[in-house]
Amino acid sequence: MEIALIGVVVLVAFGGACVVWSERGGPPWVRRVAAVTLFAGAVARALGKNRGGGRSGGGENGGGADGG
């Protein structure tokens with residue numbers, strides 16, 4: 001199980017590095033990897049919104065320090 005988690009972390013780090021490199025004008029294969037990484041992130045965000053798993057946001061019980 002730990003090996004799978006390490007593999008996912010390595011893939012995410014590699015994808016993020018490719019996104020940064022492609023922004024600076026990397027080779028074509030880096031741009032393709034960056035595009036796949038950005039697409040996967042968009043899909044993950046969309047799935048998270050559909051599941052109602054929004055972790056941020058104030059809501060009615062935001063717990064602010066304004067006392068109101």
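Worth saying up front: this structure is predicted, and the values here are computed from it rather than measured.
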Exercise. How would you list, by chain and number, every residue that makes a side chain to side chain contact (heavy atoms under 4.5 Å, CB included) with R32, sequence neighbours excluded?
Worked result: P28, W29

Problem set entry | Residues that V19 engages under side chain to side chain contact (heavy atoms under 4.5 Å, CB included), provided they are two or more places apart |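 Expected list: A34, T37, L38.
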
For this session: State plainly whether one hydrophobic cluster holds both F14 and W21, where clusters connect Ile, Leu, Val, Met, Phe, Trp and Tyr through side-chain heavy atoms under 4.5 angstrom apart.
Result: yes

Exercise. Would L11 end up clustered with V43 when hydrophobic side chains under 4.5 Å apart are linked, directly or stepwise?
Worked result: no

